[in-house]
Amino acid sequence: MSKYKLFLLRHGEGAWNKENRFCSWVDQKLSENGVVEAQECGRLLKEQGYQFDRVFTSILSRSIQTAWLVLEAMGQEWVPVTKSWRINERHYGALISLNRAEMALNHGEEQVKLWRRSYDITPPPITESHPYYAEIYNDRRYSTCDVPKEELPKAESLKEVLDRLLPYWNDVIVPVIKSGQTVLISAHGNSCRALLKHLEGISETDIVNVTLPTGVPVLLELDEDLRPVKPRQLLGDQAKIEAAIKKVEDQGKTFGVMSRAGPPSFVPISLR
Ligand SMILES: O=C(O)[C@@H](COP(=O)(O)O)OP(=O)(O)O
């Protein structure tokens, strides 16, 4: 029997989702479309009568902004919001800022799919010469984490995301859910995938086929041991959701580059 409802949400479209670049720990804001997606998500949740008691976000602006917009649209701005780097998007290492379609042209669609969706393949680490290294690691927010800055990841597989997320889930979020509060986790494609893998017991092979669109709330109904009692529900127009999932999957295909005017702008970086 369903005892708890838990909502997972990948933030609304970010500026680099739109440009098809790996955003990861770069702190991009929502695009105009992402703002609308977050507002529509809040309106839908309100229409369906849901109420939150507690919201968790990453320390990246796109997940925080999404949480605000959802709560505003629901008239629930007062609900406490707690932030942690442990809910951050997967650290994409040296891939950060690169265009997925260009990477598919350079390294093959299969390789890009492995980098994006496999369970235990870690992309090459970010190094100090990377154009976004200083912006990420000099940011004050990373001095406030529960691990020293030097121990923060330089690249992560989905497995490594789960390893850093699980202690926070178990120690902080689970007690809140078990106290009877309805929780929204406003996070990212891969931090939500990692949590789904854990909660639904998805195999390492099957997690490859799980892709989440931006701005679509995922409802999980859980029993007293936080095991799902029914399949996850992606709330909203199902045809639109299917199309949005396909769009995210297609980001790693070469036709994004082929259809653009002019030659692709390859970044000279060795990833093998
Ligand atoms: O880091 C990014 O660019 C995307 C995920 O990229 P993919 O795994 O879909 O390539 O994360 P999000 O937009 O959810 O924060």
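Start at 1 and go down the list; that is how both ligands and their atoms are numbered. Predicted model, so just to flag it, every value in this text is computed and none were measured.
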I'd like to know whether ligand 1 has Arg90 as a neighbour, heavy-atom separation below 4.0 Å.
no
Validation row, ring centre Tyr92 to ring centre Trp16 under 6.0 Å:
no
Is there a path of hydrophobic side-chain contacts, each under 4.5 Å between heavy atoms of I/L/V/M/F/W/Y residues, joining Leu235 to Ile241?
no
Is the contact between Trp16 and ligand 1 made by the side chain, the backbone, both, or neither, using heavy atoms and a 4.0 Å cut-off?
neither
Examine distances only and state if a side-chain atom of Asn99 and a backbone atom of Glu19 form a donor-acceptor pair shorter than 3.5 Å.
yes
Below a 4.0 angstrom heavy-atom separation, can you tell me which part of Arg21, side chain or backbone, both or neither, approaches ligand 1?
backbone
Numbering the atoms of ligand 1 from 1, which are under 4.0 Å from a heavy atom of Asn17?
13 (O)
Distance filter under 4.0 Å to Cys23 heavy atoms, resulting ligand 1 atoms
1 (O), 2 (C), 3 (O)
Check each heavy atom of Thr214 against ligand 1 and say whether those closer than 4.0 Å belong to the side chain, the backbone, both or neither.
neither
Is it the side chain, the backbone, both or neither of His188 that has a heavy atom closer than 4.0 Å to ligand 1?
both
Asn190 side chain vs Val161 backbone, donor-acceptor pair below 3.5 Å:
no
Close-contact set for ligand 1 against Ser24 heavy atoms, below 4.0 Å:
1 (O), 2 (C), 3 (O)
Min over Arg100, His11, Gln251 of heavy-atom distance to atom 6 (O) of ligand 1 lands on Arg100
Evaluate the criterion side chain to side chain donor-acceptor pair (under 3.5 Å) for residue pair Ser61 and Asp27; output intermediate values, then yes/no.
CA-CA 6 Å; Ser61 301; Asp27 196 38; 2.6 Å; yes
Ignoring hydrogens and geometry beyond distance, is a side-chain donor-acceptor pair present between Glu13 and Thr214 at under 3.5 Å?
no
Using a strict threshold of under 4.0 Å (side-chain N to carboxylate O), is an ion pair present between Asp250 and Lys247?
no
Hey, which atoms in ligand 1 end up nearer than 4.0 Å to a heavy atom of Phe22?
3 (O), 10 (O)
